[in-house]
Number of protein chains: 2
Amino acid sequence: MAGTDISKQAMMRMPYYLRYLRDAEASGASSVSSTAIGEALRLNSVQVRKDLAAVCSSKGKPGSGFNVRELISGIEELLGYNSRVDAVLVGAGSLGTALLSYKGFSEYGMNIVAAFDSSASVCGRVIGGREVLDASSLEDFCRNNSVHIGIITVPADVAQDVCSELIRGGVKAIWNFAPVKLKVPDGILIQNENLAASLAVLSRHLKNMSNAANG
Amino acid sequence: MAGTDISKQAMMRMPYYLRYLRDAEASGASSVSSTAIGEALRLNSVQVRKDLAAVCSSKGKPGSGFNVRELISGIEELLGYNSRVDAVLVGAGSLGTALLSYKGFSEYGMNIVAAFDSSASVCGRVIGGREVLDASSLEDFCRNNSVHIGIITVPADVAQDVCSELIRGGVKAIWNFAPVKLKVPDGILIQNENLAASLAVLSRHLKNMSNAANG
DNA sequence: ATAATATCGATATCCGCATATCGATAGATT
DNA sequence: AATCTATCGATATGCGGATATCGATATTAT
């Protein structure tokens, strides 16, 4: 079945393809070549073909390329943009508040149904249209509402506890913004979104540049 | 010189090491073994040694391990947590506002000195203690203030324009939150922080799980 | 109809990074 | 002091993903 055999890396390129294809369709294109996509996205055309081949049964035709509409449908289907997945967010600090206020997630098929925090001063407040609930009810909430995605935006030292609680509540995939490696049983996915790590890469680049400049 | 020969992947693991080491130091440990680190962080001990060897001149000693304090200093130095790097943020929408409000960056040595937006309704507003400036002054601001890091949180369709402008202003590294592949000349680093891509990975996992369950 | 061009899919190669192996050395134990 | 154990660094192996090559096929032009 589609999806299983797609590498994580390829999956992460899908949103880029999708955006390009939507633009192309808006420009009136009905078919597009892997060469053109590759050029626009700075990807090898072979890689583009390989990625797209895994998306949907729609084959590319020599001479013309791929059918834009079919690819768009295929990728949207693959990414789940047409369906809705519920998620909970834990940790209504500055980053958590940020994500709660962000309007873009619904476009990606994700719906944050509830937010949690352990601090009494935050509980009860409404952020991004959702009331912040007490963290003690987290596990039950997940179980009762069949929530399978958890977003962790708590401080590092409590991230593991929150993680374990989410899993006990039935969560299968966790988006972790805390700068710690979480320990989870097999079958649970952790997707780390480590801002510190990204900054490290930026920092390395600047350092290398100044080193190169100064000898 | 330290830093150049460290892979991007290794660099991204550094914040995890640092956190672990700080915890260890707080617990009174003066030395720590690669085995212990690897176990805590779910990393191969060989990889840990290789990463740490690249950090600082401090060698690990057989029998006891690495000196905690020296490692911490080395990593902090490597990551630039002791120095200050100025950055500008472009796009004060919901995500941009989120990042501006986030207090954690200073801890990582990054200082967002100014925010920009093209919308008249947003310019002049104060977010996270910084006034939002008009986007037309972006390039000059970067040049005049020697800003070398740009953060892009604008909609996808204008991200490339903003990117080019940042580069003309002298920016050397860009943290890109827009879901597009930016085209830049050699020597400019783009670090993509694609939330849609992360969600894609979560989505794939859930899909695979339900497929596995339903046959 | 025929030739030229664009594009595809499949196979093979290459590369970076993670992992495994192994001899050497510091510290602990008896 | 002799021996044992933990840990290190260096070298070799393995794997996943990106890239290159090549024959085949569709479209376009003459």
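Just so we're on the same page: letters track the sequence lines, and every chain starts at 1.
The two residues A/Ile190 and A/Cys163 come nearest to each other via the heavy atoms CD1-SG, 4.5 Å.
Among residue pairs with one or both ends in residues 12-21 of chain A, those qualifying as salt bridge (Lys or Arg N to Asp or Glu O under 4.0 Å) are A/Arg13-A/Asp51; sequence neighbours excluded. A salt bridge (Lys or Arg N to Asp or Glu O under 4.0 Å) check over residues 140-169 of chain A, counting only residues at least two apart or in different chains, returns the pairs A/Glu139-A/Arg143, A/Glu139-A/Arg168, A/Asp140-A/Arg143.
Rounding to whole angstrom units, CG of residue B/Leu71 and C1' of D/dT7 are separated by 14 Å. The CG-P distance, from B/Asn44 to D/dC15, rounds to 15 Å in whole Å. Note: CG (B/Leu43) to C1' (C/dT19) measures 12 Å, nearest angstrom.
Qualifying side chain to side chain contact (heavy atoms under 4.5 Å, CB included) partners for B/Glu193, counting only residues two or more places apart in sequence or in other chains: A/Glu193, A/Leu195, A/Ser198, B/Trp175, B/Phe177. Residues that satisfy the side chain to side chain donor-acceptor pair (under 3.5 Å) test with B/Glu25, not counting sequence neighbours, are B/Arg69. Applying the side chain to side chain donor-acceptor pair (under 3.5 Å) criterion to A/Asn176, with sequence neighbours excluded, gives A/Asn192. Remark: A/Arg22 engages A/Glu76 in a side chain to side chain donor-acceptor pair (under 3.5 Å) (not counting sequence neighbours).
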Legend entry - Dot-bracket summary - DNA chain C, pairs being Watson-Crick or G-U whose distances fall under 3.5 Å, with | when paired to another strand: ||||||||||||||||||||||||||||||
Mind listing the side-chain donor-acceptor pairs of residues 178-187 of chain B below 3.5 Å, one per line with the distance, residues two or more places apart or on another chain?
none

Legend entry - Under 4.0 Å protein heavy-atom contact, by nucleotide of nucleotides 3-17 of chain C - B base, S sugar-phosphate only: ---BBSB-------S
